[in-house]
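Each ligand, and each atom within it, is numbered from 1 in the order the structure gives. We count residues from 1, following the sequence as given.
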Amino acid sequence: MDTKIIKMDEENIDTEAIDEAGRIIRAGGLVAFPTETVYGLGGDALNADSSGKIYAAKGRPSDNPLIVHIAGMEDLAGIVRKIPEEAYLLAERYWPGPLTMIFEKADCVPTATTGGLDTVAVRMPSNKIARALIQSAGGYIAAPSANLSGRPSPTVAKYVIEDLDGRVEMIIDGGEADIGLESTIIDLTGDKPVILRPGYITEEMLEETVGGVDVDRTILEGNSKQAPKAPGMKYRHYAPKGNLTIIEGQADQVVNYINEHAYAFKKEGNKTGVIATDETAGRYQADSIKSVGKREDENQIARQLFRILREFDDEGVQIIYAESFDGKGVGQAIMNRLLKAAGHQVIKL
Ligand code: TXA
Ligand code: MG
């Protein structure tokens, strides 16, 4: 298949191209598009065949449900059985934005979209290109992150093209994603809201709005025997091609450990890399040293992490060491993604 690639400025929407993209989706085709979190791989959420095509294009197991993207609150009632009070409070505060809520699904949502579940995940993105596309496509776009299954989620179009060129009808390049990590997922179908995937909207922010929330414990634990409630969280994810290990400890110890080990691997002929911070980047010795930003600026770290993982692949780096981050606030999401990328290989000094 020939993939049409279109560049678009969020502040200057090309309505003709959006019309064309909307027609593709309504006809059962696929369009990759920017959102404020990461790029999405979109198809008609109410068409079981489209969802099948999404799984095929991503190479994703079909028991892993998709998120349905809407553009207006009035469209929520069309795909869910009931809207709990918390959902109104959360939507008021955080929609449009990087929050996904799980509801009991209405009959019109095919189980092909929900991975066989009776529930449906719904998000209203804030990116203007995404919103225009959802409207043009008829209101409901199912979209996982626009990467091949297992690879880091794309935050720039370059990596969408690398993974999906020839697999989708169109890719819209809207520049770099603002947030850089996928949405926070909160399940509203039980007695108490439960966070299934941490993100930019933190546990503290959610608690402020709806009182007590629980966190799915499998999110941060490496070897939990329990299956995570968001089926996608059980798969190895975000992985760079190189072997990634997280080193936890005091800054000096971490720098020394990484330098020693990177040197040993380099001597054996490996290309080595370090995920550092602005504070420490100058102290490392390795083939490729990348700072994710200032330690205190978690939003910048979130924005850059996935791109940096991909860059190590571009450079053919085989051994990667990463510093560890504080697991509070947005740091919870950063550590969750980094741990998954590392397959939970952590060395505590
Ligand atoms: O920010 C985002 O959420 C991005 C952009 C494109 O919107 N999308 C995204 O989709 O990250 P994806 O498919 O890569 O991740 C969806 C996650 C998976 O872990 C999946 O298992 C979970 O959401 N999920 C979807 N529907 C669910 C449901 N009904 N119950 C529990 N988990 C669900
Ligand atoms: Mg994904």
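Contact analysis puts I67 in contact with ligand 1, with a non-hydrogen atom separation below 4.0 angstrom. Using a 4.0 Å heavy-atom cutoff, R60 is listed among the residues neighbouring ligand 1.
In this model, a donor atom of one side chain and an acceptor atom of the other lie less than 3.5 Å apart for R123 and T35. Side-chain polar atoms of Q304 and R307 form a donor-acceptor pair below 3.5 angstrom. Counted by atom type alone, S183 and T37 present zero donor-acceptor pairs between their side chains at under 3.5 Å. For the 3.5 Å distance criterion, the side chains of T277 and E323 qualify, holding a donor opposite an acceptor.
In this structure, L181 is a member of the same hydrophobic cluster as L338, with clusters built from ILVMFWY side-chain heavy atoms closer than 4.5 Å.
Under 4.0 angstrom from ligand 1, the non-hydrogen atoms of I185 all belong to its side chain. Only the backbone of A143 comes within 4.0 Å of ligand 1, judged by heavy-atom distances. Heavy atoms of L117 found under 4.0 angstrom from ligand 1 belong exclusively to the side chain. Here T114 has no heavy atoms under 4.0 Å from ligand 1, in either its backbone or its side chain.
Closest heavy-atom approach to atom 12 (P) of ligand 1 within the set P144, A177, P34: this belongs to P144. Closest heavy-atom approach to atom 31 (C) of ligand 1 within the set V122, I102, T35, L66: this belongs to I102.
Taking any N or O of R197, backbone or side chain, at least one lies under 3.5 Å from an N or O belonging to ligand 1. Remark: ligand 1 and Y39 share no N or O pair separated by less than 3.5 Å (distance only, no angle test). Polar contact with ligand 1: absent for K58 (N/O pair, distance under 3.5 Å).
A salt bridge does not link K158 to D173: none of the charged nitrogens lies less than 4.0 Å from a carboxylate oxygen. In summary, D214 and K192 engage in a salt bridge, as defined by a charged side-chain N under 4.0 Å from a carboxylate O. No salt bridge links E169 with K53; every basic N to acidic carboxylate O contact stays at or beyond 4.0 Å.
For S145, the nearest N, O or S atom to the Mg ion (ligand 2) falls under 2.8 Å.
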Practice task
Go through the steps for N270 and T272 under the test side chain to side chain donor-acceptor pair (under 3.5 Å), then give the verdict.
Solution key: CA-CA 6 Å; N270 292 288; T272 56; over 6 Å; no

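Counting heavy atoms from C-beta on, the side chains of Y200 and E36 never come closer than 4.5 Å.
The T119 neighbourhood of ligand 1 comprises atoms 28 (C), 29 (N), 30 (N), with distances under 4.0 Å to a heavy atom of that residue. Near S145, with a cut-off below 4.0 Å to any heavy atom, the atoms of ligand 1 are 8 (N), 9 (C), 10 (O), 12 (P), 14 (O). Of all atoms in ligand 1, listed by their number and element, those nearer than 4.0 Å to a heavy atom of H69 are 5 (C), 6 (C), 7 (O).
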